[in-house]
Amino acid sequence: MEHLAIPTIPVQTWNSVYEVKDALREGTIFPDLNLPFFAAEDANGIKEDSFHSISENADAQKRRETLMLKIQQISFYMDDLRLYLDTHPDDSGRAEDIKEAGGIRRELLKDFARECYPLTFDCMAELYGQSPYPAKYVWQDGPMPWEGACV
Amino acid sequence: MWIYEKRLQFPVKITKTCPKTAQMIISQYGGPDGELSASMRYLSQRYTMPVREVGGLLTDIGTEELAHMEIICAMVYQLTKNLTIEEAQAAGFDVYYIDHTTALWPQAAAGLPFSAVEFQSKGDSITDLTEDLAAEQKARTVYDNLLRMIPDPEVREPLKFLRAREIVHFQRFGEALERVKSRLDSNNYYYFNPEFDKSMQRKEAKER
């Protein structure tokens with residue numbers, strides 16, 4: 001039944017989702033919600049190897065940037081999934097998605113902390129549970145996110 | 001409580017200085033439909049939201065908007081980081097430079113300072129969610145306008161990402177409104193304020 005004087009938005013039903021690596025580029029995990037602007041139809045693309053070398057060697061930087069992009073991709077997948085679940089708390093079919101993405105993200109954060117620098121204080125604390133633990137305080141290691149040196 | 005993660009939600013890597021572009025983009029930091037305004041709107045509205053999952057959604061979107069604010073600030077920072085006085089003057093960025101040098105300060109493109117007057121927290125679920133739907137559309141229009149004007153692909157990629165998020169958020173706020181409506185009498189959604197007249201809501205739920 002239609003109702004006057006109140007907006008109605010159709011509730012999304014779970015259909016297909018993008019691959020984790022494509023979702024970040026598209027800005028959503030849902031093809032159904034990907035509605036681009038005509039003046040923005042230039043090819044999408046995060047340039048994965050157009051980084052400026054800073055002081056360290058190129059291989060280490062490349063590894064760091066690859067890991068960081070993977071973290072951004074899987075984390076974004078979880079961001080968009082979370083908003084979907086906020087308004088679809090009864091959709092029980094998503095348990096596997098949450099479990100799988102959560103596991104991948106946890107491992108990547110751990111790898112990044114070990115090989116590069118910790119992204120959260122918890123990641124840093126975890127480093128101190130290992131042997132040998134860091135000789136100096138590492139929370140301030142690595143570039144700041146807005147510097148663009150580590151995309 | 002919030003926990004900081006030392007990364008951007010979407011990568012920003014801008015190599016060309018352009019104060020003109022920075023001056024336009026800064027509107028999505030401190031302008032009327034900017035990310036700061038969006039975040040403060042949702043994070044303010046959530047406390048009194050009677051439907052629990054809607055309060056949760058406002059928290060999650062309000063938090064994501066903070067991450068978007070950081071993306072916008074990163075863009076402005078990178079566009080002006082190697083700025084010369086001559087470039088600032090040629091682009092009309094000198095008027096910003098006088099008060100803020102190349103620091104970040106929340107303002108609209110035309111110089112208006114950030115203000116809470118730009119958003120509402122009204123204490124009525126239907127009113128607030130309708131405002132939130134409009135807010136996402138207004139922000140989308142700003143991103144459309146920016147995409148018409150800015151040719152640099154390094155700037156366009158994050159702008160396209162942020163625009164796409166406005167559409168997803170619009171959908172979620174629409175679904176949140178549906179959840180609020182489902183708890184009300186559809187013969188008259190406006191019979192009482194679901195956020196304030198709590199006894200009416202309980203009475204109605206019992207009768208149904």
Side-chain angles (χ1 to χ4, degrees), chain A residues 1 3 5-12 24-30 32-37 39-40 42-47 50-52 65 68-69 71-72 75-76 79-80 82-84 86-89 109 112 117-123 139 142-151, chain B residues 3-15 53-54 56-61 64 67 70-71 73-75 77-78 81 104 126 129-130 133 140 143-144 147-148 153-154 156-157 159-165 167-179 181 186-187 189-190:
Chain A
M1 184 185 149
H3 294 286
I6 187 108
T8 300
I9 302 284
V11 174
Q12 186 185 5
L24 180 69
R25 190 185 58 216
E26 301 298 335
T28 175
I29 64 172
F30 303 105
D32 293 347
L33 288 176
N34 190 5
L35 307 166
F37 183 49
D42 42 321
N44 279 324
I46 303 160
K47 285 170 278 171
S50 65
F51 305 116
H52 280 240
E65 280 154 0
M68 176 54 93
L69 187 59
I71 289 171
Q72 285 170 318
S75 303
F76 175 68
D79 289 343
D80 216 16
R82 177 167 52 230
L83 298 189
Y84 171 86
D86 281 344
T87 56
H88 299 72
L109 284 176
F112 199 88
Y117 53 90
L119 294 183
T120 71
F121 207 74
D122 282 338
C123 293
W139 177 232
M144 292 314 246
W146 51 86
E147 287 180 296
C150 190
V151 296
Chain B
I3 293 170
Y4 188 63
E5 207 166 299
K6 261 171 79 175
R7 63 176 181 89
L8 298 181
Q9 190 191 25
F10 188 93
V12 175
K13 179 79 180 127
I14 298 169
T15 48
E53 44 301 2
V54 178
L57 179 72
L58 286 165
T59 303
D60 289 340
I61 297 185
E64 187 180 338
E70 191 182 32
I71 293 173
C73 288
M75 294 171 82
Y77 168 72
Q78 292 177 27
K81 136 174 102 167
L104 269 289
I126 295 176
L129 286 167
T130 306
L133 289 167
R140 177 187 57 79
Y143 285 119
D144 287 354
L147 284 163
R148 282 180 208 273
E154 293 175 338
R156 291 173 68 82
E157 287 309 314
L159 291 178
K160 285 195 269 182
F161 171 83
L162 292 166
R163 177 190 180 275
R165 299 310 294 150
I167 292 170
V168 174
H169 293 171
F170 179 86
Q171 174 65 27
R172 298 295 167 245
F173 283 131
E175 289 164 347
L177 181 59
E178 295 304 320
R179 293 191 84 82
K181 282 161 67 182
S186 60
N187 289 317
Y189 288 118
Y190 303 115

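Note that these values count all heavy atoms, side chains included, but never hydrogens, waters or copies made by symmetry. Everything numeric in this text was worked out from a predicted model, so none of it was measured. Lettering follows sequence order; numbering is per chain, from 1.
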Is any side-chain N of the basic residue among B:Arg148 and B:Asp144 closer than 4.0 Å to the acidic one's carboxylate O?
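Salt bridge between B:Arg148 and B:Asp144, a charged N being under 4.0 Å from a carboxylate O: no.
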Region of [X] in contact with chain B, defined by heavy-atom distances below 4.5 Å:
X	value
A:Phe37	both
A:Tyr84	both
A:Asp80	both

By a 4.5 Å heavy-atom criterion (distance strictly below it), what part of [X] contacts chain A: side chain, backbone, both, or neither?
X	result
B:Glu5	both
B:Arg156	side chain
B:Tyr189	side chain
B:Arg172	both
B:Glu64	side chain
B:Arg7	both
B:Glu70	side chain
B:Leu177	side chain

Give the minimum heavy-atom separation between [X] and [Y], together with the two atoms involved.
X	Y	value
A:Thr87	B:Arg179	O-NH1, 3.2 Å
B:Gln9	B:Ala67	CB-CB, 4.3 Å
B:Val168	A:Gly27	CG2-O, 4.4 Å
B:Pro11	A:Leu24	CD-CD2, 4.1 Å
B:Leu57	B:Ala176	CD2-CB, 3.8 Å
A:Leu33	A:Gln12	CD1-OE1, 3.7 Å

Among B:Phe161, B:Tyr143, B:Phe173, B:Phe170, who wins on heavy-atom pairs under 4.5 Å with chain A?
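With the most close heavy-atom pairs to chain A, the winner is B:Phe161.
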Which one wins on heavy-atom pair count under 4.5 Å against chain A: B:Glu53, B:Arg163, B:His169?
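The candidate making the most pairs under 4.5 Å is B:Arg163.
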Looking at A:Thr8, A:Asn34, A:Asp122, which one has more heavy-atom pairs under 4.5 Å with chain B than the rest?
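Option with the top pair count is A:Thr8.
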Top contributor to chain B contacts, counting heavy-atom pairs under 4.5 Å, from A:Val11, A:Leu109, A:Thr120, A:Asp86:
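With the most close heavy-atom pairs to chain B, the winner is A:Asp86.
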cation_pi(B:Lys81, A:Trp146) dist<6.0 Å, angle<=45
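Not satisfied by the 6.0 Å and 45° rule.
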Using modelled atom types and a 3.5 Å cut-off, is there a donor and acceptor pairing between side-chain atoms of B:Lys6 and backbone atoms of A:Trp139?
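It does hold such a pair.
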Separation of B:Leu129 CG from B:Ile126 CD1 (nearest 0.5 Å)
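So the CD1 of B:Ile126 and the CG of B:Leu129 are separated by 8.5 Å.
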